[in-house]
Amino acid sequence: MSDTFDLVVIGAGPGGYECAIRAAQLGMSVACVEKRDALGGTCLNVGCIPSKALLHASELFDEAGHFEKMGIKISKPKLDLPTMLGFKQQAVDGNTQGIEFLFKKNKIEWVKGTGVLKGAGEVEVSLTEGGTRTLKASDIVLATGSDVAQLPGIEIDEKQIVSSTGALELSKVPGKLLVIGGGVIGLELGSVWNRLGAEVTVVEFLDFILPGMDAEVQKTFQRTLKKQKFTLKLGTKVTGVEKSGKGLKVTVEPAKGGDVEVLDADVVLVAIGRVAYTQGLGLDAAGVDVDERGRIKVDAHLKTNVAGVYAIGDVIVGPMLAHKAMEEGVALAEMMAGQSAHVNYDVIPGVVYTQPEIASVGKTEQDLKDAGIDYRSGKFPFTANGRAKANQQTDGFVKILADAKTDRVLGVHIIGTQAGEMIHEAVTIMEFGGAAEDIARMCHAHPTLSEAMKEAALAVDGRAMHM
Ligand code: FAD
Ligand code: NAI
């Protein structure tokens, strides 16, 4: 077994595994160091995949309780949580084994253990099976991802006080779940346990949920969450969590200061963001620069300041999204192979897999106002869309923001049942530099939810047909 490769990747998450596969396709000899006992990183093991499996199962459980209105009579659905968690685990295993298959197919060696960068060209691995192995490569990619941001004074035990990882594994439905952070994780996993019967309270420091999203989407979704019986405590901070008997006492106060309130909870989910993970990676000794938030600094070609050492994914600046990491992994492999490649950071979609879903790409109205860009906005509600009416799923809207002079699409924001699938029409148009008029003139099948995209595009020019 050789210890010399063209490329060594540390971390087999979406960034690392896609980089390894693309580099192997391009003829490089590749090793990928991963310390987990399964490939796929946060996303496949404790992130995207298990959370979506539980969102899917809990959504069907919830829907099954409302079939009667469609004339389908069944007895009240009963929850078998261990089987649902087993369903989630099967989804994880199927995906992680899929990556293992792809590694074998592409002759990528999975070196099981923890990698330490020893400087340009060298990685030392503390092998899981014991001992060490030194790998040499002209190119090294750091793709070590991110970890849960901790709240000082609140210790995560993954049983009662959990991060997203523990929230994917709860052995019973908590009576009261208190979520700290009204961001993506808090609302997705809050939705899972809400649908399965927990009373969910979300404590958010800011005066709104889902920071960075379109303000109208935020407000619409806030109303929807209240209809779904979420309790939202906005502009509020948690100052402490104490164990009390079998439960927890959570102390909260207004973010701007004021009266303290104590809330009861059975489980607390800490979901206040994630931080770059570089623990034990040897960055200091190797002289790799990081920024003020501990993220590895890279240039436009994903190069660090150390020759032949690159970084991608959650461990560098940018949205912490699996597909952003993947795009960087592929582009980097192609650049290392001497091709030209790039990532279009202006057109990276974001999806929140709640019900309704929320999906967004490009600029928000606030971004455009801040940048002084003159824009026109076209909005179309699902209440006026035939398919949404037929399905009785009329919550939400599509909003298209286009340059006032050129009509070029600058941002699209959707809240609606299948927003996560619909957003890709907008991604395609934006990638090709298209205009709202282009969407307006494309034939959309009837009756589909996507017709709302066409109508929103027509609305940019004040000529929506069904409003
Ligand atoms: P990671 O996936 O974090 O992979 C890094 C890997 O490196 C890990 O496996 C780690 O064990 C390994 N590693 C670290 N240090 C070393 C070392 N020194 N030696 C060896 N191995 C090491 N994103 C989406 O786009 N869509 C979603 O629906 C979505 N859902 C999410 C749900 C949850 C609950 C969470 C927590 C995240 C979710 N994300 C989602 C975010 C997504 O998981 C991350 O953006 C993505 O995993 C980042 O990929 P990465 O390759 O940069 O790092
Ligand atoms: P987040 O950044 O989305 O949300 C964190 C929220 O916590 C923010 O609203 C913030 O204002 C709030 N907050 C911070 N400190 C607080 C405090 N002390 N008290 C109360 N509120 C506080 O982070 P989250 O939800 O933890 O997710 C982490 C990352 O994982 C995100 O960057 C996201 O990109 C990724 N992710 C993506 C998913 C998707 O694409 N569907 C799903 C889940 C995670």
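Indexing begins at 1, ligand by ligand and atom by atom, following the structure's order.
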Kindly give the heavy-atom pair with the smallest separation between Cys48 and Ala322, and that separation in Å.
-> SG-CB, 3.9 Å

For atom 16 (C) of ligand 1, the protein heavy atom that lies nearest, with its residue and separation = Thr144 CG2, 3.7 Å

Closest approach of any protein heavy atom to atom 35 (C) of ligand 2, naming residue and atom = Met320 O, 3.4 Å

Phe205, any N or O under 3.5 Å of ligand 2 N or O = yes

If you measure from each heavy atom of Lys52 to ligand 1, is any distance below 4.0 Å?
-> yes

Tell me, which protein residue and heavy-atom name are nearest atom 24 (C) of ligand 1, and how many Å apart are they?
-> Ala322 N, 3.5 Å

Atom 43 (C) of ligand 2: which protein heavy atom is closest, and how many Å away?
-> Ile185 CG1, 3.4 Å

What do we get for Val184 next to ligand 2 when only non-hydrogen atoms under 4.0 Å count, side chain, backbone, both or neither?
-> both

Have a look at ligand 2 and work out which part of Ile180, if any, has a heavy atom under 4.0 Å from it: side chain, backbone, both or neither.
-> side chain

Shortest protein contact, atom 26 (N) of ligand 1 (heavy atom only) = Cys48 SG, 3.9 Å

Among non-hydrogen protein atoms, atom 53 (O) of ligand 1 lies closest to Gly145 CA, 3.1 Å

Do Ile358 and Val351 come close enough that some side-chain heavy atom pair is under 4.5 Å?
-> no

Arg274 to ligand 1, any heavy atom closer than 4.0 Å = yes

Of all protein heavy atoms, the one nearest atom 17 (C) of ligand 2 is Ile272 CG2, 3.9 Å

Kindly identify the option in Arg274, Glu357, Glu204 whose heavy atom sits closest to atom 30 (O) of ligand 2.
-> Arg274

Selection from Leu269, Val352, Val351 by shortest heavy-atom distance to atom 39 (C) of ligand 2 = Val351

Hey, are Tyr345 and Glu328 close enough side-chain-wise for a donor-acceptor pair under 3.5 Å?
-> yes

Give a yes-or-no answer on whether the side chains of Thr231 and Glu199 include a donor-acceptor pair shorter than 3.5 Å.
-> no

What part of Leu210, side chain from CB on, backbone N/CA/C/O, both or neither, has a heavy atom under 4.0 Å from ligand 2?
-> neither

Taking both backbone and side-chain atoms of Lys237, is any N or O found less than 3.5 Å from an N or O belonging to ligand 2?
-> no

Between Val315 and ligand 1, does any nitrogen or oxygen pair lie at a separation below 3.5 Å?
-> no

If you measure from each heavy atom of Pro211 to ligand 2, is any distance below 4.0 Å?
-> yes

Look at atom 23 (O) of ligand 2 and find which of Ser51, Gly273, Gly183, Gly420 reaches it with the closest heavy atom.
-> Gly273

Atom 32 (C) of ligand 1: closest protein heavy atom, distance to 0.1 Å, is Gly47 C, 3.3 Å

Proximal ligand 2 atoms for Val203, defined as those under 4.0 Å from one of its heavy atoms = 20 (C), 21 (N)

List the closest protein heavy-atom neighbour of atom 18 (N) of ligand 2: residue, atom name, distance to the nearest 0.1 Å.
-> Leu151 CD1, 3.5 Å

Could you tell me whether some N/O pair between Leu321 and ligand 1 is separated by less than 3.5 angstrom?
-> yes

Does Gly280 reach ligand 1, in the sense of a heavy atom lying below 4.0 Å from it?
-> no

In this structure, atom 21 (N) of ligand 1 is nearest to the protein heavy atom Lys35 N, 3.3 Å

Mind checking whether Val46 has a heavy atom under 4.0 Å from ligand 1?
-> yes

Tell me, which protein residue and heavy-atom name are nearest atom 49 (O) of ligand 1, and how many Å apart are they?
-> Pro14 CD, 3.3 Å

Salt bridge present between Arg295 and Asp314 (N-O < 4.0 angstrom) | no

Under 4.0 Å from ligand 2, counting heavy atoms only, is it the side chain of Ile209, its backbone, both or neither?
-> neither

Are Thr364 and Asp367 close enough that a side-chain donor and a side-chain acceptor fall under 3.5 Å?
-> yes

So is Val33 close enough to ligand 1, meaning a heavy atom under 4.0 angstrom away?
-> yes

For Gln366 and Asp370, does a side-chain donor sit closer than 3.5 Å to a side-chain acceptor?
-> yes

Evaluate salt bridge (charged side-chain N to carboxylate O under 4.0 Å, His left out) for Glu122 paired with Lys136, printing each intermediate quantity in order.
-> CA-CA 5 Å; Glu122 198 172 299; Lys136 305 234 183 240; 2.7 Å; yes

Which protein non-hydrogen atom lies closest to atom 3 (O) of ligand 1, naming both residue and atom, and how far is it?
-> Thr42 OG1, 2.6 Å

Any heavy atom of Gly113 sitting closer than 4.0 Å to ligand 1?
-> yes

Is there any N or O on Gly15 that sits under 3.5 Å from an N or O of ligand 1?
-> yes

Contact (N/O only, under 3.5 Å) between Arg36 and ligand 1 = yes

